Each structure stands twice: as C-alpha cells, then as structure tokens.
Amino acid sequence: MEKLLTSPIATGDSLMIQESKNERLRRYWDKHASSYDSEMAFFERVLFDDGRGWVCAQATGDVLEVAIGTGRNLSFYPPGIRLTGVEFSSAMLAVARERANTLGRQVDLRLGDAQALDLPDEAFDTVVCTLSLCGIPDEHRAIAEMKRVLRPGGRLLLLDHVAGSPGWVRAIQWLLERITIPLGGEHFRRRPRYGVEAEGFDVDLSQRSKLGIVERLVARKPVEATTTTEGQR
C-alpha cells in the first residue's frame, strides 16, 4: 500500500482528485458570492462580535490577507498599510474589488490559492486570515505558505470558528460536518493553533469564546526562522 501511494501513477491520481475538488469548491463559492455578505452578517453578530476589527487593527506595514473573500475586512484596516488580498473565487474577488472602489481603499487584489501562494518569500510584515481556514482543503499547507511569505518577526493574525470546548458542542459540530464538508468544504472542528505551533510560530495570544467555538490568535514568525521545505514551491 505504501508503494502504491508514493508511485508516480498514484501521485498523479491524487493531484487530479485534488484539482477536481478545488474546482468544485471554486464553483461553490462563485455561486454563493452574491449572497455571502447577507449570510455572514447574522453569524458575525451572534458569534464574532468585533472580531474583524480586532484583527485588522493590529495589521501593520505590508499586509497580506489570505482568502479575502468579498472584502468584508476592508473597512477595518488602518490607514497607511499596503494591502494585498488573495482569493480563490473570481466571483468573490469581483465583489471585493467593487467594495474597495466604494471605500476608496487601495488594495492589490489577486486570484490565487492559499495552499500555493504566487508570492515571494518574506514579502509581508503581517498576514491576516479571517473565517477561512475552516474552508481551505489543506489548512496545514496554507499555514506553511503564510509562514513562507512572512518576514522574520512578522505577525500572523487569525480569527475563525474552531472545535468547541464542551463535548456536546463538538458532537453537534461533527453532525453539521456531515453536511457542510461534502457541500462546501466547511469544517467546524479544526484547531488552527495546532497547525500554527507545528509550523514553528510563537503564539503571542490565543483567546477563545462562545463555548470555545471562536478563536482569536496572534502568532509571530521567529526572527531566526528559515523557510521550511514544505513551504517552498
């Protein structure tokens, strides 16, 4: 079995399966781009409070937002930053462009994949990702990419819903995932902090609320850190 999984044929099949999955998810988000803002507004009021503002207020210097979506964070960033946004869905990105124009916000918006960022090493002082690691197929690969593009000493700012603290909450989340993962790749029981720590980040702050379902995280790339082989492309 091990030889089969590492053979060129098996590797090629795996890539084809992943590409097919990515395209299915892209179509899903393209379809939901027009309704995303109204759908998220309710959940943000109930669960995330001032989470977007809390994250964006801490961004400094050259900032990358991974999975910028429809640009719901744009109005929260402080003046003076230089913002780049990457998004998987072209339809979502179109909404973000319209929002940026309305706000008069200068932002370099790019179509791209969080799991394979088409950006140079150590190019950013801050990387932001809000409510998105729950839906990226390989969140560990995405975190490795975020580390790669951060400068030594740069900060990673995350906001997401995660596995709840009580067992009964995680049981409900498990049931929900039976629907949400096949439908749109949405995971409820991930813990981004573990992936961040595994990549060698120093966690400066981790706050959980709403029965542990919501996590705010600030992590820093060590100054002596070097890009991992996994993060290189």
Side-chain angles (χ1 to χ4, degrees), residues 6 11 14-15 17-19 21-23 25-26 29 52 55-69 71 73-74 77 81-90 92-93 96 106-160 162 185 187 190-206 215-233:
T6 56
T11 301
S14 297
L15 288 173
I17 291 170
Q18 186 60 51
E19 288 174 1
K21 183 178 180 180
N22 286 348
E23 283 307 309
L25 288 175
R26 194 192 304 274
W29 288 114
R52 291 185 185 275
V55 167
C56 296
Q58 300 179 73
T60 59
D62 294 306
V63 180
L64 171 66
E65 182 173 341
V66 175
I68 196 170
N73 287 337
L74 289 176
Y77 284 108
I81 66 164
R82 295 167 295 279
L83 181 61
T84 300
V86 173
E87 172 53 39
F88 188 59
S89 161
S90 58
M92 299 278 273
L93 198 65
Q106 290 292 114
V107 52
D108 179 5
L109 292 170
R110 305 182 180 197
L111 189 66
D113 187 348
Q115 302 163 120
L117 295 169
D118 187 17
L119 293 164
D121 295 353
E122 300 182 358
F124 297 94
D125 302 297
T126 309
V127 172
V128 169
C129 188
T130 60
L131 310 181
S132 297
L133 279 172
C134 52
I136 295 171
D138 189 341
E139 79 275 25
H140 299 292
R141 187 174 167 191
I143 292 169
E145 281 289 86
M146 294 176 198
K147 180 184 180 184
R148 180 181 66 79
V149 300
L150 265 175
R151 294 174 180 133
R155 290 197 299 176
L156 175 64
L157 306 172
L158 302 180
L159 169 71
D160 224 319
V162 301
H187 295 76
R190 286 180 170 175
R191 285 301 312 276
R193 175 171 181 166
Y194 298 152
V196 168
E197 290 176 332
E199 275 298 318
F201 281 93
D202 296 324
V203 175
D204 293 338
L205 178 68
S206 176
E215 184 168 43
R216 301 177 178 189
L217 189 143
V218 179
R220 191 176 301 275
K221 179 176 178 177
V223 173
E224 69 277 9
T226 56
T227 303
T228 62
T229 301
E230 181 182 351
Q232 293 176 340
R233 293 184 296 105

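Note that these values count all heavy atoms, side chains included, but never hydrogens, waters or copies made by symmetry. Keep in mind it's a predicted model, so treat the numbers as computed, not measured.
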**Q.** Side-chain touch Val218/Gln58, heavy atoms, less than 4.5 angstrom
**A.** yes
Q.
Donor-acceptor pair, distance only, cut-off 3.5 Å: does the side chain of Gln115 make one with the backbone of Arg141?
A. no
Q) Can you tell if the side chain of Tyr77 reaches within under 4.5 Å of the side chain of Val107, non-hydrogen atoms only? A) no
Q. Do you know the tightest heavy-atom contact between Leu150 and Phe201?
A. CD1-CE2, 3.7 Å
Q: Measure across Val55 and Leu157 and return the closest heavy-atom pair with its distance rounded to 0.1 Å.
A: O-CD1, 3.4 Å
Q: Spell out, as yes or no, whether a donor-acceptor pair under 3.5 Å connects the side chain of Lys221 to the backbone of Gly154.
A: no
Q) Between Val86 and Val66, is any pair of side-chain heavy atoms under 4.5 Å apart? A) no
Q) Any side-chain heavy atom of Val128 within less than 4.5 Å of one from Leu159? A) no
Q) Less than 4.5 Å apart, any side-chain heavy atom of Leu133 and any of Ile143? A) yes
Q) Do the side chains of Glu65 and Thr130 get nearer than 4.5 Å, heavy atoms only? A) yes
Q. Is a side-chain N or O of Glu87 found less than 3.5 angstrom from the main chain of Leu93, in a donor-acceptor match?
A. no
Q | Non-neighbouring partners of Asp204 that pass side chain to side chain donor-acceptor pair (under 3.5 Å), sequence neighbours left out | A | Arg220
Q.
Is the shortest side-chain heavy-atom distance between Ile81 and Asp125 below 4.5 Å?
A. no
Q | All salt bridge (charged side-chain N to carboxylate O under 4.0 Å, His left out) counterparts of Asp62, not counting sequence neighbours | A | Arg82, Arg151
(Q) I need the minimum non-hydrogen distance between Val63 and Phe124, along with the two atoms involved. (A) C-CD2, 3.7 Å
Q: Indicate yes or no: at least one non-hydrogen side-chain atom of Glu139 is less than 4.5 angstrom from one of Pro192.
A: no
**Q.** Closest approach of Leu109 to Ala96 (non-hydrogen atoms, all atoms of both residues)
**A.** CD1-C, 3.9 Å
Q) Do any N or O atoms from the side chain of Arg148 and from the backbone of Leu119 form a donor-acceptor pair under 3.5 angstrom? A) yes
Q: List in chain and number order the residues that pass side chain to side chain donor-acceptor pair (under 3.5 Å) with Thr126, two or more places apart in sequence or in another chain; answer none if no residue qualifies.
A: none
Q | salt bridge (charged side-chain N to carboxylate O under 4.0 Å, His left out), paired with Glu215, selected from Arg193, Arg191, Arg190 | A | Arg191
